[in-house]
Structures are given as structure tokens and as C-alpha cells.
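Structure first, then comments.
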Amino acid sequence: MSARTQKSPQVETTVTVRCTGHVRTAIDEHELSVRFEGDTLREFLEAFFAEYDVEDLLIAETDADAVASGWAPAPEELPGTWRKNPSGEQTRAYARVLVNGRFNELLDGFDTTLSDGDRVSLIYPFMFCC
């Protein structure tokens, strides 16, 4: 047996991606199958954004980008089990990332584990004002 330690092969995961609104327009598809190395939402997003230039549509660079103006300020302590993704892992105002129909912040944020066949939805709706 060799004295070198063997690394285990990188896990590959295949998910179904559904896109709406501006994301769908940008990639010109509403549903696609994506295979990526890893098994977390973070690894999926990194691979997806390397292939499709839509990160700016979905991910907030600052806390201010994650909220819409005019909303009531959030209380210092969120009630119950409410929580938001940490700074740098938030979606833009109105944009959402879902795993199997659940908002990622209700799971483990970008560290949510994905399995083959899971559905990841990338949502950034069209918004119009009168």
C-alpha cells in the first residue's frame, strides 16, 4: 500500500434548474439540467454563474442591495426562527433562490446540501410600476 493518501473523487450532482423573470430572459431557458462538482448550493451557484452571467441579477453585494427601499425596518431581533442569510450570501431585493420549493435561508443558506434530482429555482420577477 502506498504511503500517499488518496483523495476521494469529487462528488458530482445533477439538479434541475428553473428560471423565471429576468433570469429566464438572460439565459433564454426556463428549465435545464445542470451537473456540477460538489453537493452544496454554494458550489452549484459558483458553477452556474461561471456558465451563465446572471450573478448580478440574483446576489446582493451589500446588505443595502438585499432590501427594497420603503420597507419597514427589521427589528433588532427577528421573532421566532426567522433569519436572513449572512452578508455576502443574500439575494437582491425581490430575487430569490429556492431548493425544492423552499427559500434557501429557511434551509442552510448557501451551505444547503443538494442531491441528484433536486430542483433549484432562480427567481427575479419582472416588476412594473404605474
Side-chain angles (χ1 to χ4, degrees):
M1 183 170 184
S2 170
R4 287 191 299 181
T5 352
Q6 279 191 324
K7 278 181 145 181
S8 59
Q10 178 69 31
V11 173
E12 287 193 347
T13 307
T14 303
V15 296
T16 299
V17 181
R18 295 187 177 152
C19 304
T20 67
H22 295 288
V23 179
R24 179 180 178 171
T25 299
I27 68 168
D28 201 28
E29 291 188 62
H30 76 281
E31 184 175 300
L32 57 152
S33 180
V34 174
R35 186 168 186 81
F36 65 98
E37 287 189 3
D39 64 354
T40 65
L41 182 58
R42 180 182 319 278
E43 292 164 319
F44 160 75
L45 289 171
E46 288 171 0
F48 192 81
F49 294 152
E51 181 74 21
Y52 300 98
D53 188 22
V54 294
E55 182 173 8
D56 289 345
L57 292 175
L58 293 166
I59 305 301
E61 289 187 27
T62 66
D63 286 345
D65 292 338
V67 296
S69 63
W71 286 24
E76 286 296 317
E77 284 192 40
L78 296 172
T81 58
W82 291 16
R83 61 181 185 251
K84 67 177 189 169
N85 285 332
S87 191
E89 296 186 11
Q90 297 175 23
T91 55
R92 290 192 163 280
Y94 309 113
R96 299 308 292 256
V97 176
L98 292 83
V99 175
N100 296 324
R102 296 194 64 203
F103 297 130
N104 74 77
E105 64 268 18
L106 299 177
L107 301 167
D108 288 326
F110 288 179
D111 293 323
T112 299
T113 301
L114 299 176
S115 300
D116 282 334
D118 280 350
R119 292 180 327 271
V120 176
S121 300
L122 305 174
I123 300 170
Y124 188 8
F126 295 114
M127 307 231 7
F128 300 98
C129 184
C130 4

Any non-hydrogen side-chain atom of [X] less than 4.5 Å from a side-chain atom of [Y]?
X      : Y      : result
Val99  : Leu114 : yes
Val120 : Val34  : no
Ser121 : Thr20  : no
Tyr52  : Leu32  : yes

Exercise: identify the closest heavy-atom pair between Arg96 and Leu58: O-CD2, 4.3 Å

Atom of Leu57, atom of Ala95 and distance for their closest heavy-atom approach: O-CB, 3.8 Å

Nearest 0.5 Å please: distance from the [atom1] atom of [X] over to the [atom2] atom of [Y].
X      : Y      : atom1 : atom2 : result
Arg18  : His30  : CZ    : NE2   : 8.0 Å
Thr14  : Asp118 : OG1   : CG    : 11.0 Å
Arg119 : Arg102 : CZ    : CZ    : 12.0 Å
Ile123 : Leu98  : CD1   : CG    : 4.5 Å

Polar side-chain atom of Thr13 near backbone of Gly38 as donor-acceptor pair, under 3.5 Å: yes

Per-pair distances, 0.1 Å, donor-acceptor, side chain in residues 42-51, under 3.5 Å, sequence neighbours excluded:
unit_1, atom_1, unit_2, atom_2, d
Arg42, NE, Asp111, OD1, 3.3
Arg42, NH1, Glu89, OE2, 3.0
Arg42, NH2, Glu89, OE2, 3.0
Arg42, NH2, Asp111, OD1, 2.8
Arg42, NH2, Asp111, OD2, 3.4
Glu43, OE1, Asp39, N, 2.8
Glu43, OE1, Thr40, N, 3.1
Glu43, OE1, Thr40, OG1, 3.1

Evaluation steps, side-chain contact (heavy atoms from CB on, under 4.5 Å), between His22 and Val54: CA-CA 9 Å; His22 295 288; Val54 294; over 6 Å; no

